Protein chains: 2
Amino acid sequence: MFKQHNKIQVALVDDHPTLMEGLKAILVSNLNVDIAGCFVTGQDMLNYLGLNRVDIVLLDIALPDINGIALCQEIKKKAPDTVILVFSNHSERSIIMQTIQNGASGYLLKNTSLDELRSSIHDVLEGKVVFSKEVQEIISRPSKNELQGPPRLTRREKQVIELLSEGKTSLRIAEELSVSALTIDTHRRNLMQKFAVKNTAELIKAAMLHRLI
Amino acid sequence: MFKQHNKIQVALVDDHPTLMEGLKAILVSNLNVDIAGCFVTGQDMLNYLGLNRVDIVLLDIALPDINGIALCQEIKKKAPDTVILVFSNHSERSIIMQTIQNGASGYLLKNTSLDELRSSIHDVLEGKVVFSKEVQEIISRPSKNELQGPPRLTRREKQVIELLSEGKTSLRIAEELSVSALTIDTHRRNLMQKFAVKNTAELIKAAMLHRLI
DNA sequence: ATGGATATCCCCAAATACCAGTAGAAAAAA
DNA sequence: TTTTTTCTACTGGTATTTGGGGATATCCAT
């Protein structure tokens, strides 16, 4: 009733004009959609999103102003119903995971076939979560690095790092675990060695990246 | 040549015997597969996996010995080609994301329809990544909680916290940003106030929880 | 233009963390 | 039951952070 456009409203965000032209052409000629807007920066896109309906955003990870992952977050914050389909060259697993983490409904590599592109757009609009073939492989094959990444921590070390992350000092932790503060110091040193980091800040970061906290 | 079984080898891991029976029945009557084994504990499953070929594992998140997320990791470490399909009651977004993070190729809720179950198994075996309808919705709709909440940081503060998380000291950061170390100290104090934390460890943790790093 | 937030700089003292090495006892794994 | 790992504790340092104060200049918005 209040909709001004019956067609699906698509927004593109990418800083490659040529590629964007191609996308545009493919979209209008193959799917019954409106190109609501093409944006080079994330900010432009967000501004537009504040005022207009957008059903689906096709976006690149590499943008001039903010990175695509943060942009996903912003988009979902502003318009939870807008579907995000990432269209990018980045094939690193962690990047893929992060975009999904932040609300993207799909991830395609830029070398995706036209067929795949068409069907993906169709599918995400129906609420599906889609990945292009290559991306599926990447997801299914976590690298050795990502799997073996977290150093094996002993029970004690896990306790210590947990308490550390709660902002407690060695002394407090020592009291809590009823051991000497010197012992806690040793645990900390061992932890830092295992993670190959220089101080607690980095240690906590590493541990969280590996989801050990 | 060395394969003793031509049929797809399926392993089930779950601590609900009844449900497992049902699964078994559905699988053998609908798909041309062998039930290689049914396991109640993750350890049993891993032991079996060390000695036998398993093409696909259907697994629950809640297990008596280890949690399903860690098990995904172990499975992928031991047998990268074994496909993991999670079949669980847990509908929390973070759990879903973590299983995928750790190598699962799909996630179904236990109330999934038989059709969906059949087609999902079929699809993951072809290398696809599949989610049941409900799961897709969960993925596409990150909770407010996950998106919102972080204190507003100034540009400088973001820089500082970023560098802090890389294990740099105030002095180093000061050099890098060409300001006095005292300034950095102030930023740190302000950051800690904003996050209402006591020290750097907790600060990094909080910042990471809010995905500011 | 007056407040508010930001960014910068300063001092001091106590608390805490970090570095490097060693080593015995307890627990777990082979 | 060996062997290995983990937990524990110590010495003796240096470096860094933290918490308590303040202060000035700029930019931004009401």
Side-chain angles (χ1 to χ4, degrees), chain A residues 43 47 50 148 150-208 212-213, chain B residues 41-44 46-47 50-51 65-66 70 74 77-78 150-208 212-213:
Chain A
Q43 198 49 61
N47 292 340
Q148 81 184 9
R152 265 202 213 75
L153 300 191
T154 68
R155 218 168 301 163
R156 230 11 172 195
E157 285 168 344
K158 278 182 200 162
Q159 287 180 318
V160 170
I161 208 174
E162 178 72 37
L163 295 170
L164 267 180
S165 81
E166 289 167 15
K168 291 169 181 158
T169 66
S170 290
L171 191 60
R172 269 222 158 335
I173 296 173
E175 285 165 4
E176 208 155 314
L177 301 181
S178 306
V179 296
S180 154
L182 298 165
T183 303
I184 301 302
D185 262 2
T186 306
H187 286 311
R188 296 179 68 152
R189 270 168 40 226
N190 293 338
L191 280 165
M192 288 194 282
Q193 266 201 338
K194 284 191 180 181
F195 282 92
V197 298
K198 294 183 291 304
N199 59 29
T200 307
E202 219 183 340
L203 175 64
I204 299 292
K205 178 187 165 195
M208 293 207 68
L212 294 173
I213 293 185
Chain B
T41 68
Q43 197 49 58
D44 288 349
L46 286 173
N47 291 339
L51 304 167
D65 55 344
I66 59 173
E74 295 300 325
K77 234 186 269 178
K78 220 162 191 167
R152 256 205 234 83
L153 301 191
T154 68
R155 219 171 299 159
R156 230 10 172 196
E157 284 168 343
K158 277 182 200 163
Q159 287 179 319
V160 170
I161 208 172
E162 177 73 37
L163 295 170
L164 265 180
S165 80
E166 288 166 16
K168 291 169 182 157
T169 66
S170 291
L171 190 61
R172 260 205 136 45
I173 296 173
E175 284 165 6
E176 207 154 315
L177 301 182
S178 305
V179 295
S180 155
L182 299 163
T183 303
I184 302 302
D185 278 350
T186 305
H187 287 311
R188 296 178 67 153
R189 280 197 246 112
N190 292 339
L191 279 165
M192 287 195 281
Q193 268 203 336
K194 284 192 181 182
F195 282 93
V197 297
K198 294 182 290 302
N199 59 27
T200 307
E202 218 182 343
L203 175 64
I204 298 292
K205 178 188 167 196
M208 293 209 66
L212 293 173
I213 293 184

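Just so you know, these numbers come straight off a predicted model, no measurement behind them. Lettering follows sequence order; numbering is per chain, from 1.
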Rounded to the Å, how far apart are [X] [atom1] and [N] [atom2]?
| X | N | atom1 | atom2 | result |
| --- | --- | --- | --- | --- |
| A/Arg188 | C/dA20 | CZ | C1' | 17 Å |
| B/Asp185 | C/dT8 | CG | C1' | 13 Å |
| A/Lys198 | C/dA20 | NZ | P | 13 Å |
| A/Gln193 | C/dA17 | CD | P | 18 Å |
| A/Ile184 | C/dA17 | CD1 | C1' | 14 Å |
| B/Leu191 | C/dA7 | CG | P | 10 Å |
| A/Asn190 | C/dG21 | CG | C1' | 12 Å |
| A/Glu202 | D/dT16 | CD | P | 15 Å |

### Message
Below the 4.0 Å mark, does C/dT8 have OP1 or OP2 next to a side-chain nitrogen or oxygen of B/Arg156?
### Response
yes
### Query
So, is B/His187 close to the C/dA7 phosphate, meaning a side-chain N or O under 4.0 Å from OP1 or OP2?
no
### Residues in side chain to side chain contact (heavy atoms under 4.5 Å, CB included) contact with A/Gln43, at least two apart in sequence or another chain
A/Thr41, A/Leu46, A/Asn47, A/Asp65
### Message
Which residues pass the side chain to side chain contact (heavy atoms under 4.5 Å, CB included) test with B/Ala181, not counting sequence neighbours?
### Response
B/Leu171, B/Ala174
### Query
Using a cut-off of 4.0 Å on non-hydrogen atoms, how would the nucleic acid contact of B/Asn199 be classed: base, sugar-phosphate, or nothing?
sugar-phosphate
### Task
Give the minimum heavy-atom separation between A/Ala207 and A/Ile161, together with the two atoms involved.
CB-CD1, 3.5 Å
### Task
Identify the two heavy atoms, one from A/Ala206 and one from A/Val197, that lie closest to each other, and give their separation to 0.1 Å.
CB-CG1, 4.4 Å
Let me confirm one number: the [atom1]-[atom2] distance from [X] to [Y], rounded to the nearest 0.5 Å.
| X | Y | atom1 | atom2 | result |
| --- | --- | --- | --- | --- |
| B/Thr154 | B/Asn190 | OG1 | CG | 8.5 Å |
| A/Leu203 | A/Arg189 | CG | CZ | 14.0 Å |
| A/Leu164 | A/His187 | CG | NE2 | 11.0 Å |
| B/Leu177 | B/Thr183 | CG | OG1 | 10.0 Å |

### Task
Estimate the overall bend of the helix from C/dA1-D/dT30 to C/dA30-D/dT1 from the end axes over five pairs each, rounded to 10 degrees.
80°
Quick test: give all pairs of protein nitrogen or oxygen and nucleotides 9-12 of chain D nitrogen or oxygen below 3.5 Å, distance rounded to 0.1 Å.
{"unit_1": "D/dA9", "atom_1": "OP2", "unit_2": "A/Ser180", "atom_2": "N", "d": "2.7"}
{"unit_1": "D/dA9", "atom_1": "OP2", "unit_2": "A/Thr183", "atom_2": "OG1", "d": "2.6"}
{"unit_1": "D/dA9", "atom_1": "O5'", "unit_2": "A/Thr183", "atom_2": "OG1", "d": "3.4"}
{"unit_1": "D/dC10", "atom_1": "OP2", "unit_2": "A/Ser180", "atom_2": "OG", "d": "3.4"}

### Query
Would B/Ile184 and B/Glu176 count as a side chain to side chain contact (heavy atoms under 4.5 Å, CB included) if you check the C-alpha gap in whole Å, the side-chain angles of each, and the deciding distance to 0.1 Å?
CA-CA 11 Å; B/Ile184 302 302; B/Glu176 207 154 315; over 6 Å; no
### Task
Show your working on side chain to side chain contact (heavy atoms under 4.5 Å, CB included) between A/Leu153 and A/Phe195 and close with a plain yes or no.
CA-CA 10 Å; A/Leu153 300 191; A/Phe195 282 92; 3.8 Å; yes
### Task
Determine which pairs satisfy side-chain hydrogen bond (donor to acceptor under 3.5 Å, both in side chains) with at least one residue from residues 198-207 of chain A, sequence neighbours left out, and list them in order.
A/Arg188-A/Thr200, A/Lys198-A/Glu202
#### Entry: Residues touching DNA chain D, which here means a heavy atom under 4.0 Å, drawn from residues 163-174 of chain A
none
#### Entry: Which residues share a side chain to side chain donor-acceptor pair (under 3.5 Å) with A/Ser180, sequence neighbours left out
none
Pairs under 3.5 angstrom, nitrogen or oxygen only, protein versus nucleotides 24-30 of chain C, please.
none

### Query
What pairs with A/Glu166 under salt bridge (charged side-chain N to carboxylate O under 4.0 Å, His left out), at least two apart in sequence or on another chain?
A/Lys168
### Message
A/Glu175: which residues meet the salt bridge (charged side-chain N to carboxylate O under 4.0 Å, His left out) condition with it, sequence neighbours left out?
### Response
A/Arg172
